[in-house]
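Heads up: the structure comes next, in C-alpha cells.
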Amino acid sequence: MNTLALPSAITNFPQNKHCIRRVISPRAALVEAKPRPVPATRGGGSGGDNVPVTVLRVREDSSSFSLSSRDRADDMQAEARAMARAVNASVYTPEYLAVKYGSRPIKVLQRALEIFSGLGSFAFKLWLDQLNGQLDQNQRLRAVELRQIFTRLGPTFVKLGQGLSTRPDLCPPAYLEELSELQDALPTFPDAEAFTCIERELGRPLDSIYSSISASPIAAASLGQVYKAQLKYSGQVVAVKVQRPGIEEAIGLDFYLVRGLGFFINKYVDIITSDVLALIDEFARRVYEELNYVQEGQNARRFKKLYADKEDVLVPDIFWDYTSGKVLTMEWVEGVKLNQQDAIERQGLKVLDLVNTGIQCSLRQLLEYGYFHADPHPGNLLATPDGKLAFLDFGMMSETPEQARSAIIGHVVHMVNRDYEAMARDYYALDFLSPDVDVTPIVPALRNFFDDALNSTVSELNFKTIVDGLGAVLYQYPFNVPAYYALILRSLTVLEGLALYADPNFKVLAASYPYFAKRLLTDPNPYLRDALIELLFKDGRFRWNRLENLLVQGKKDKDFSAKDALQPVLKLLLGKDGEELRVLVIKEAVRVTEAVILGSVVESYNSMNELMRTLIFNGNATGPFAMSTAEQESMLELRAQVIRIWGLLRSSENFDPSILQPILQVLQEPQARNLGGRVVGGITQRLAARLLQQVLRVPPSVSAPTS
C-alpha cells in the first residue's frame, strides 16, 4: 500500500464524543490512500502543506501504561487471544469455491459478463493487432489499456495485475512496466460500517477502546482502510486498519472465475509454458493471507525480530489486544514517503542514505534469513524524522529457499564477471529449469544481451535495464520463474527507482555488489565456495585480478572481515575432497613465490650500474636468469598484485595479525605439512632450473689481443 502524508498531533477538546477536532502539526505517513476529499488549510507544520484530519472524540483517559513495558508472557497471551478471534478467517480452498459458486450460476454469470466485457474487448484488440502485424507496435498502448481494465474490475484484478507485474516469464517488458504502476485506488466504505466492524471483531464498544479515533479514514486501499486513533488505556497513538466489508465474497467469486480461465489456458494455449493454474492458486493463497490481519501482525513481529536490530531500521509494533482477523492495530509511525525528496531533505535527511539502508536491509532479507517484504513500494517505506527507514504493510511476505540464496549470490557474481556458461547452470539451482533441460542454447542469448548491458564496470550497471533484458530472455525460453525470484527483482527495481529521484546516475547493483563480494569471500556455504573457486581458477591458472576485485568490493561492506575471508578457504583446501584444488594451489603458490623472489632480484638488477650487472650476472645484457623483458614485466606485475591484495587484507578495519594464528595451527596438520612440502619442492625445482640455466649460459666471447 502507498502512504499518505498527514498530520499527527492531536489537540485536546472537552469531553464530548461527537466533537470534531483538527490535526495540523508535523506530517506523518501511513498506507496508501484515496480518502474522501478533506479541505486543505494552512498550518504550522514542519514543511509542506498540512492536511487537516477530523478526529471523532470518544472519551479522555489519563492512563499511561505502555505496551513496551508488558511482560513477554502477557504479550504471548494477548497474541493467542488475537489468534482465537481470527480462528474463522478464510483460507483459500479451490474445492470450496467450486462447491460454493457452482450452485450460484446467475451470480457467476453476471460477474463473468462484467469481466468478459473488459478482458474480451482487450483480447479482441490483441487479435486484430496480430492480424495486422501491429502486435509489437501497439504493445505499449495495449499494456496501458490492460492496466485500466484491471483497475475498473476491482480489488482482485488490481492484485492480479500487481502479481503479473513481477512475472517476466508471463509478460513482455512493456506490460511488466505498465502493470507495476497499478495502485490500490478504490473509494472508501462508510465509517459506520468500519466502526461496527471494530466493535464486532474486538467484542467491546468503541468508547471503551479509544479515547479518540479519526471520524473518516486517513488511508484506503483495495482490501481495507486505516484510521488514526489513541488508545484509551495508554494514550498511545495507533493506526487501526479495518477490512473492507464483503471483500471475501468479491475475491472468492473472482478467483473462481479466474481459475476457470487458467484451466482453459493450460489446456489450449501453447505459447504460455508456465503452469497458469498453479500460479493462480499460489497468488490466491497470498491474497487470502492478506485478509487475515492476525497473520499480518505475526509477519510484522517476525520481520521486526530479524531485521530491526539495525539502528537505522524501524518496524512498528503490534497491539494484540486490539487486533483480530479483520482489525489490525499497530504503532503509529511518523514519516514521509521515500519518493518525496523535497520533504525528506527539509528534515535534513538524504534520500540516498535511506535507499542504501533499504538496499542493505533487503539484501539481508533476501539472502541471509530468506524472509522478505514482498511489496516494498514507496508507500511502504517511510523516512522518519530521526533518519530511520520504516517498513510498513506486512500483508504480503515471501521466502527465499536456502539453496536459492547461495545460487543468487553466485549468479550475480557470474554475471558481473561475464561467465555466461556458469550463469546458465545457475538456473538449475534457482529452480528455473528442470535438470533435463539443455542450457547450451541459452548461453548465446545471455551473452548477446549482457555483453552490451555490462559495458565495462559494475558502477555502470543499471538494474532495471538488466531486469528488462533478463525478462526478455526468460520470456523466449522455457523458464518457470519461481514467485520469490520475481518478487526479488521487483524489490530491487523499486529501490533503484527511488534512488533515481535523488541521483539519476545511481545504480543499485553497484551499491549492493560489495555485499555479494563479501558473502562470496566469507561464506562457508559449499555452493558459494565452489562458485569462488570456479571464479578464481580458469584453465589451471589463478586469476589474481578477480580476487583483487572481490576484495576491493568486499571491503566496502562494513561487515567485511579479513579473518572470515581466510578460514573457509583453508578448510576447503585441506579437506579430504580438496586434492584437485591442492594441485592448482601448489602450482600457483610456486608461481607466486618465484615471482616474489625473482621479482625482487629483477628490481635489484634494474637498480644496479652496468659494472655490477656484468660482475654478478656474467655480463647478461637481457637481465637476471636470462628472462625476456615481457617475462620480467609479467613477474613484476604478479608480485605487485599479490602485495596489493595483502595490503587490502591488512587494511580491513578489523584486521589483526593474530588472525594468522589459526592458519599456523592448521599448517601443523599432516595434510598441511604435506602440502607445504610439495610447495617447497616445486619452488626449489623452479629456482634450481633458473639458476642452472644462468650458470650454463655461454659468456660473451672475448677477442684475443693482436700483436
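Quick note: numbers below take in every heavy atom, side chains included, and nothing from hydrogens, waters or symmetry partners.
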State plainly whether the residues K100 and E249 are in salt-bridge range, i.e. N to O under 4.0 Å. yes
Measure the spacing between NZ of K350 and CD1 of I344 and express it to the nearest 0.5 Å. 13.5 Å
Quick one: are V333 and L392 in side-chain contact, heavy atoms under 4.5 Å? yes
Indicate yes or no: at least one non-hydrogen side-chain atom of K310 is less than 4.5 angstrom from one of C361. no
To the nearest 0.5 Å, what is the distance between CG (N299) and NE2 (H373)? 9.5 Å
Treating S324 as the side-chain partner and L202 as the backbone partner, does any N or O pair qualify as donor plus acceptor under 3.5 Å? no
Interatomic distance, CZ@R244 vs CD1@I251, rounded to 0.5 Å, equals 12.0 Å
Side-chain donor or acceptor of R85 paired with backbone N/O of T323 under 3.5 Å: yes
Charged N to carboxylate O below 4.0 Å: is that the case for E290 and R286? no
Would Y515 and L367 satisfy side chain to side chain contact (heavy atoms under 4.5 Å, CB included), going step by step from the backbone distance to the final call? CA-CA 10 Å; Y515 175 88; L367 302 174; 3.8 Å; yes
Nearest heavy atoms of P385 and Q347, plus distance in Å: CA-OE1, 3.1 Å
Quick one: CD on Q295 to CD on E289, what's the gap to the nearest 0.5 Å? 6.0 Å
Flag for Q341-E345: side-chain donor and acceptor within less than 3.5 Å: yes
Where the side chain of T93 meets the backbone of E95, is there a donor-acceptor pair that is under 3.5 Å apart? no
Contact between V226 and P217 at the side-chain level, heavy atoms closer than 4.5 Å - yes or no? no
What pairs with E79 under salt bridge (charged side-chain N to carboxylate O under 4.0 Å, His left out), at least two apart in sequence or on another chain? none
With a 4.5 Å limit on heavy-atom distance, are the side chains of V327 and K241 in contact? no
Using the side chain to side chain donor-acceptor pair (under 3.5 Å) rule, take N356 and Q360 through it: C-alpha gap first, then chi angles, then the decisive distance, then the call. CA-CA 6 Å; N356 273 312; Q360 297 307 314; 5.2 Å; no
Any chance you could measure L253, atom CG, to L97, atom CG, to the nearest 0.5 Å? 9.0 Å
In Å and rounded to the nearest 0.5 Å, what is the CD to CG distance from E334 to L314? 11.0 Å
Can you tell me how the ring of Y322 sits relative to the ring of Y210, calling it parallel under 30°, perpendicular over 60° and tilted otherwise? tilted
Could you pull out the closest heavy-atom pair between A112 and L257, with the gap in Å? N-CD1, 3.9 Å
With a 4.5 Å cut-off on side-chain heavy atoms, are P155 and I247 touching? yes
Please tell me if the side chains of T151 and Q148 come closer than 4.5 Å, counting only heavy atoms from C-beta onward. no
Say whether, by atom type as modelled, one donor and one acceptor occur between the side chain of S208 and the main chain of R204 under 3.5 angstrom. no
Test side chain to side chain contact (heavy atoms under 4.5 Å, CB included) on L206 and I213; report intermediate values, then the result. CA-CA 9 Å; L206 206 65; I213 187 169; 4.3 Å; yes
Which atom of F372 lies closest to which atom of T400, heavy atoms considered: CE2-OG1, 3.4 Å
Any residue meeting ring pair (Phe, Tyr, Trp, His ring centres under 6.0 Å) with F303, in chain and number order, not counting sequence neighbours: Y307, F391, F394
Does the pair E296/K326 count as a salt bridge with the N-to-O cut at 4.0 Å? no
Are the charged groups of D317 and R301 less than 4.0 angstrom apart, N to O? yes
Does the side chain of L119 come within less than 4.5 Å of L146's, by heavy atoms? yes
Do NZ/NE/NH1/NH2 and the carboxylate oxygens of R364 and D309 come within less than 4.0 Å? yes
For residues I318 and G297, report the shortest heavy-atom separation together with the two atoms involved. CG1-O, 3.6 Å
Would M397 and R302 satisfy side chain to side chain contact (heavy atoms under 4.5 Å, CB included), going step by step from the backbone distance to the final call? CA-CA 11 Å; M397 308 297 288; R302 181 180 176 189; over 6 Å; no
Using modelled atom types and a 3.5 Å cut-off, is there a donor and acceptor pairing between side-chain atoms of Q230 and backbone atoms of Q236? no
Looking only at non-hydrogen atoms, find the nearest pair between L179 and G161 and report the distance. CB-O, 3.6 Å
Here the pair of heavy atoms bringing Y227 nearest to A194 is OH-CB, 3.3 Å
Give the C-alpha distance, both sets of side-chain angles, the deciding distance and a yes or no for side chain to side chain contact (heavy atoms under 4.5 Å, CB included) between D207 and I209. CA-CA 5 Å; D207 61 2; I209 305 172; over 6 Å; no
Of all residues at least two apart in sequence or in a different chain, which pass the salt bridge (charged side-chain N to carboxylate O under 4.0 Å, His left out) check with D254? R111
Contact check, side chains of S211 and L231, non-hydrogen atoms, under 4.5 Å: no
